[in-house]
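Below is one structure; the comments refer to it alone.
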Amino acid sequence: MLRPLIIAGRQIRSRLLLGTGKFPNSTVMARALEASGAEIVTVALRRVEFDDPQDDIISHIDQKRYLLLPNTSGARDAGEAVRIAKLARAATGWNWLKLEVTPEPNFLLPDPIETLKAAEMLIKEGFVVLPYINADPILAKRLQEAGCAAVMPLGSPIGSGRGIKTADQIRIIIQQATVPVVVDAGLGLPSHVCQAFELGADAVLVNTAVAVAQDPVKMAQAFKLAVEASLAGMEAGPMTEGDAASASSPLTGFLR
């Protein structure tokens, strides 16, 4: 059995986190969640109606089974992010938060200064904060020193499916990390997940690649299998790369 992931003292069985946006409908979303094996599910706070028990998204997520990780998608600065988080907690009691501060609408890149400011404020308010960030090792270190439960560096722009274009920076973040590193954004294929774990990531978050696939349920299962296979391979102890050839069979005693 693969070793579990620990975030803020909570043991997480699956290292695949799944988002809930862009699915063709909530029934398909629920089936994809099931197929993914995910335990943590992200929900955009601006997309749900907390006061409505029949909300189309929330009503399709079994909260006894999944840990909801609300995100502050759409927040343009620290003030907006903190305000959204407090409103959500007051309505639901949810305490975990994926912090997103993305003031620029075309590329949705996180604002590092406002993200750090918001994280510091939210941690003082008792939130368990998982910030979405650029793959910036200095920022990641500052955020973990501030008390963030994990850091979530992007592989490439959110929703782009371009894979991990920030490998060198993510590797440094992982080397310096004292909290789990969750590679987030830009993962478009199961092979991108494998690369993240080969870099040493603790978990990955995927949304668009599953939601917009022709068969979201099958794609969710494919990502689950990629997570399991790549983690098993890393825990098995990969061979060391070499510059020269190394025969797998004896080269002597045959035809000579």
Side-chain angles (χ1 to χ4, degrees), residues 2-3 5-7 12 14-19 36 38 40 42 71 98-102 104 106-113 115-116 119 130-145 148-213 219-220 222-243:
L2 299 174
R3 60 186 173 84
L5 171 67
I6 306 294
I7 300 179
I12 310 296
S14 173
R15 291 173 182 252
L16 173 61
L17 286 63
L18 197 64
S36 74
I40 298 180
T42 62
N71 68 61
K98 180 189 173 191
L99 174 61
E100 295 186 22
V101 183
T102 54
E104 192 282 319
N106 291 322
F107 298 100
L108 296 175
L109 294 173
D111 182 322
I113 297 172
T115 299
L116 177 59
L130 291 75
Y132 165 61
I133 60 172
N134 289 295
D136 180 340
I138 303 301
L139 176 63
K141 196 171 183 181
R142 291 286 301 275
L143 285 164
Q144 68 184 24
E145 290 171 351
C148 289
V151 291
M152 306 181 72
L154 59 81
S156 54
I158 194 167
S160 69
R162 296 177 60 200
I164 299 179
K165 304 299 181 184
T166 55
D168 289 342
Q169 295 96 318
I170 288 178
R171 188 178 290 109
I172 297 172
I173 290 173
I174 291 168
Q175 288 174 353
Q176 297 180 339
T178 57
V179 297
V181 177
V182 182
V183 174
D184 181 15
L187 304 183
L189 293 167
S191 59
H192 298 156
V193 167
C194 298
Q195 184 186 4
F197 287 116
E198 288 166 5
L199 289 171
D202 295 288
V204 295
L205 193 152
V206 179
N207 187 168
T208 303
V210 172
V212 306
M219 187 61 82
F223 272 97
K224 175 188 177 183
L225 294 173
V227 169
E228 293 175 351
S230 52
L231 281 173
M234 296 307 295
E235 290 190 5
M239 64 174 288
T240 303
E241 292 185 6
D243 294 327

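None of these values were measured; they are calculated from a predicted model.
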Contact summary for [X] and [Y], nearest pair of heavy atoms:
{"X": "Leu154", "Y": "Ala185", "result": "CB-CB, 3.8 Å"}
{"X": "Leu139", "Y": "Pro112", "result": "CD2-CB, 3.6 Å"}
{"X": "Leu5", "Y": "Pro180", "result": "CD1-CB, 4.0 Å"}
{"X": "Ala209", "Y": "Leu187", "result": "CB-O, 3.4 Å"}
{"X": "Asp136", "Y": "Ile173", "result": "N-CD1, 3.8 Å"}
{"X": "Val227", "Y": "Ser230", "result": "O-OG, 3.3 Å"}

Could you measure the distance from the [atom1] atom of [X] to the [atom2] atom of [Y]? Nearest 0.5 Å is fine.
{"X": "Thr42", "Y": "Leu18", "atom1": "OG1", "atom2": "CG", "answer": "7.0 Å"}
{"X": "Leu199", "Y": "Gln175", "atom1": "CG", "atom2": "CD", "answer": "10.0 Å"}
{"X": "Asn71", "Y": "Glu100", "atom1": "CG", "atom2": "CD", "answer": "4.0 Å"}
{"X": "Phe223", "Y": "Ser191", "atom1": "CZ", "atom2": "OG", "answer": "8.0 Å"}
{"X": "Ile12", "Y": "Ile6", "atom1": "CD1", "atom2": "CD1", "answer": "7.5 Å"}
{"X": "Glu228", "Y": "Ser14", "atom1": "CD", "atom2": "OG", "answer": "7.5 Å"}

Count the heavy atoms belonging to other residues, nucleotides or ligands that lie under 6.0 Å from [atom1] of [X], then report whether that count exceeds 12.
{"X": "Leu225", "atom1": "CG", "answer": "yes"}
{"X": "Arg171", "atom1": "CZ", "answer": "yes"}
{"X": "Asn106", "atom1": "CG", "answer": "yes"}

Check for a donor-acceptor pair, side chain of [X] on one end and backbone N or O of [Y] on the other, with a separation under 3.5 Å.
{"X": "Ser156", "Y": "Gly163", "result": "yes"}
{"X": "Thr178", "Y": "Gln144", "result": "no"}
{"X": "Asn134", "Y": "Pro110", "result": "yes"}

Apply side chain to side chain contact (heavy atoms under 4.5 Å, CB included) to the pair Lys98 and Asp184, showing each step before the final yes or no. CA-CA 11 Å; Lys98 180 189 173 191; Asp184 181 15; 2.7 Å; yes
Does the side chain of [X] reach to within under 4.5 Å of the side chain of [Y], using non-hydrogen atoms?
{"X": "Arg162", "Y": "Pro157", "result": "yes"}
{"X": "Ile7", "Y": "Asp202", "result": "no"}
{"X": "Val206", "Y": "Leu16", "result": "yes"}
{"X": "Gln169", "Y": "Pro153", "result": "no"}

Does the side chain to side chain contact (heavy atoms under 4.5 Å, CB included) test come out yes or no for Leu205 and Tyr132, once each step is laid out? CA-CA 11 Å; Leu205 193 152; Tyr132 165 61; over 6 Å; no
Going through the distances and angles, do Val204 and Phe197 end up as a side chain to side chain contact (heavy atoms under 4.5 Å, CB included)? CA-CA 8 Å; Val204 295; Phe197 287 116; 4.2 Å; yes
